[in-house]
Amino acid sequence: MERHEIVENIRAALTEVLMRDFGPLAEGTRLFEDMHLDSTAILELLMALEDNIGIEVDPENLDMDDFRTVGTLTDFLERARKVSS
């Protein structure tokens, strides 16, 4: 899966979790400040991404730095896909 496809999956998951449509996302978009996510929304986002991308995430191993921006989340998901495959 290409990086832009992961970003698109993040956009789709955000649309599902926040129940509002988003246009294209920039990798610099901040998840907490710009998208107004909280810790509960992050967990819902991860569950949606697990289903969409086919990864498994252990909540015990989460680092909040991975959720600063769309780009850092994309990096995290790329690493998680490598571990899952």
Side-chain angles (χ1 to χ4, degrees):
M1 179 176 290
E2 304 265 338
R3 187 171 180 90
H4 68 89
E5 293 172 302
I6 294 173
V7 172
E8 177 55 28
N9 274 287
I10 293 170
R11 189 203 62 73
L14 282 167
T15 297
E16 179 183 325
V17 169
L18 298 177
M19 291 184 268
R20 63 179 191 221
D21 195 22
F22 295 97
L25 290 177
E27 288 202 30
T29 301
R30 298 171 301 175
L31 296 174
F32 290 100
E33 294 87 350
D34 299 333
M35 305 300 285
H36 307 291
L37 295 180
D38 59 20
S39 57
T40 302
I42 287 289
L43 290 176
E44 290 176 22
L45 177 65
L46 279 176
M47 287 189 293
L49 288 166
E50 284 180 330
D51 292 340
N52 295 348
I53 297 178
I55 59 167
E56 250 183 70
V57 177
D58 181 358
E60 298 292 321
N61 295 328
L62 295 178
D63 182 351
M64 290 314 290
D65 282 341
D66 292 326
F67 300 93
R68 284 182 290 126
T69 66
V70 170
T72 60
L73 179 55
T74 302
D75 294 339
F76 169 78
L77 294 171
E78 285 180 327
R79 288 191 309 272
R81 281 182 46 81
K82 288 178 185 170
V83 169
S84 295
S85 51

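Here the structure is a predicted model, which means the values were calculated and not measured.
Closest non-hydrogen pair, Asn52 versus Ala13, comes out as ND2-CB, 4.4 Å.
Ile10 has its side chain within reach of Leu14: a pair of non-hydrogen atoms, C-beta onward, lies under 4.5 Å apart.
The pair Asp63-Arg68 fails the salt-bridge criterion, with no side-chain N (NZ, NE, NH1 or NH2) lying under 4.0 Å from an Asp/Glu carboxylate O.
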Next on the checklist: Please determine whether side-chain contact (heavy atoms from CB on, under 4.5 Å) holds for the pair Lys82 and Arg79, giving the CA-CA distance in whole Å, both sets of side-chain angles, and the decisive distance to 0.1 Å.
Outcome noted: CA-CA 5 Å; Lys82 288 178 185 170; Arg79 288 191 309 272; 5.8 Å; no
Item to check | side-chain contact (heavy atoms from CB on, under 4.5 Å) evaluation trace for Val70 with Met35 | outcome: CA-CA 10 Å; Val70 170; Met35 305 300 285; 5.7 Å; no
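Applying the side chain to side chain donor-acceptor pair (under 3.5 Å) rule to Arg3 yields the partners Glu27, Asp75, Glu78; only residues at least two apart in sequence or on another chain are considered. Scored by the side chain to side chain contact (heavy atoms under 4.5 Å, CB included) test, Thr69 finds Arg30, Thr72 as partners (sequence neighbours excluded). For Glu16, there are no salt bridge (charged side-chain N to carboxylate O under 4.0 Å, His left out) partners at least two apart in sequence or on another chain. The salt bridge (charged side-chain N to carboxylate O under 4.0 Å, His left out) test applied to Asp51 returns no partner, not counting sequence neighbours. Glu2 pairs by the side chain to side chain contact (heavy atoms under 4.5 Å, CB included) definition with His4, Glu5, not counting sequence neighbours.
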Got a list of side-chain donor-acceptor pairs under 3.5 Å for residues 37-50, not counting sequence neighbours?
{"unit_1": "Asp38", "atom_1": "OD1", "unit_2": "Thr40", "atom_2": "N", "d": "3.2"}
{"unit_1": "Asp38", "atom_1": "OD1", "unit_2": "Ala41", "atom_2": "N", "d": "2.8"}
{"unit_1": "Glu50", "atom_1": "OE2", "unit_2": "Val57", "atom_2": "N", "d": "2.6"}

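Remark: side-chain polar atoms of Thr15 are paired, donor with acceptor, to backbone N or O of Arg11 under 3.5 angstrom.
Test Leu31, Ile6, Asp66 against Leu73 for side chain to side chain contact (heavy atoms under 4.5 Å, CB included) and you get one pass: Leu31.
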